[in-house]
Amino acid sequence: MSALTAAGDLRRLVVRDLRRDLRVLDGLIVNTALPVIIMIIFVYVFGGAITTGSSGLAYVDFVVPAVLLMSGGYGAALTAVTIAEDMTGGMIDRFRTLPIGGWVVPAGHVLASVVKNVGSSAIALAAALLLGFRPDASPADWALVLAVVTGYVLAMSSLAALWGLLVKSTQAAGAFSFAVLFLPYVSDGIVPAETMPGVLRDFAHNQPATPIIETLRALLLDQPMGSSGAVAAAWLTGVIVLSLPVAALLFRRRTAA
């Protein structure tokens, strides 16, 4: 298969996934409303009771990077459900009759997820601006913010595609979304990690969401980044480089059966 043919197949699969989501009205409403609801809850419900520790930031400024990840990551995790639906609903039987490369189908799901869920993060950011968030980012910083959010959504979508190919049902595939939502809660994103008890504090400092959130916070608020940028890049690159080839391999094996 030529690169041009593969690119055309990939484009058609991405458009298919996006059109399918647009036709599901309740899913479209959830994807649009959820980021706004999450932002309102954290700023107005929890914000008055939580201090931001040594950072000295207003809570809306402190929590926005975490909510950006939560908004994009939750939808990215649902990639596991969409690919599991294809695997169990008969669509793969149609793909078997077509000259499509083994990597194209999972890649199509992943790229469609990136388009949708970077948009969800953008909605969350717009809601944050309405609620009083005032970033101090330069144009270059904004470009890096977009790169980090896109990288996070791509990494979670890749992991979700892998999970959706490992499990045998859409119910099991949906469980992945809970794991993705859990990470920002036990990080330096919702409350300062320094306020957590020992074991949780150690986990928060050494899991991937914390350096990604700290990188976004530094870019958006013009704060020192330290080593968090390099650590975040290493986490995201590692997840993407490992997940996508394994997902393609699993897809080929399952569709060859």
What's the verdict on side-chain contact (heavy atoms from CB on, under 4.5 Å) for V60 and Y44, showing C-alpha distance, side-chain angles and the deciding distance? CA-CA 9 Å; V60 64; Y44 285 132; over 6 Å; no
Between L154 and V110, is a side-chain contact (heavy atoms from CB on, under 4.5 Å) present by the stated rule, with each step listed? CA-CA 7 Å; L154 177 58; V110 168; 3.4 Å; yes
Among the clusters formed by ILVMFWY side chains lying less than 4.5 Å apart, do [X] and [Y] turn up in the same one?
X	Y	result
W235	L146	no
L216	V186	yes
L249	V241	no
V81	L159	yes
L242	V231	no

Roughly how far, to the nearest 0.5 Å, is CG of L144 from OG of S138? 8.0 Å
Ignoring hydrogens, what is the shortest heavy-atom contact between [X] and [Y]? Give both atom names and the distance.
X	Y	value
P65	L220	CG-CD1, 4.3 Å
Y59	I190	OH-O, 2.9 Å
S177	Y74	CB-CE1, 3.8 Å
A77	V180	CB-CG2, 3.7 Å
L221	D61	CD1-O, 3.8 Å
F62	P192	CZ-N, 3.7 Å

Under a 3.5 Å distance rule, please check whether [X] uses its side chain to pair with a backbone N or O of [Y] as donor and acceptor.
X	Y	answer
R201	T195	no
S187	P184	yes
D188	T210	no
Q207	L183	yes
W163	A172	yes
Y185	V191	no
T170	A84	no
S71	L68	no

Who passes side chain to side chain donor-acceptor pair (under 3.5 Å) against S113, sequence neighbours left out? T79, N117, S157
Begin with the C-alpha distance, continue with both residues' side-chain angles, and end with the deciding distance and a verdict on side-chain contact (heavy atoms from CB on, under 4.5 Å) for Y152 and L236. CA-CA 6 Å; Y152 180 77; L236 295 176; 4.3 Å; yes
Mind checking whether L125 and V149 have side chains closer than 4.5 Å, heavy atoms only? no
Measuring only between side-chain heavy atoms, which start at C-beta, is L219 closer than 4.5 Å to T215? yes
In the hydrophobic cluster built from side-chain contacts under 4.5 Å, what are the other members alongside V199? none
Looking at L162, L78, L165, which hits side chain to side chain contact (heavy atoms under 4.5 Å, CB included) with I83? L165
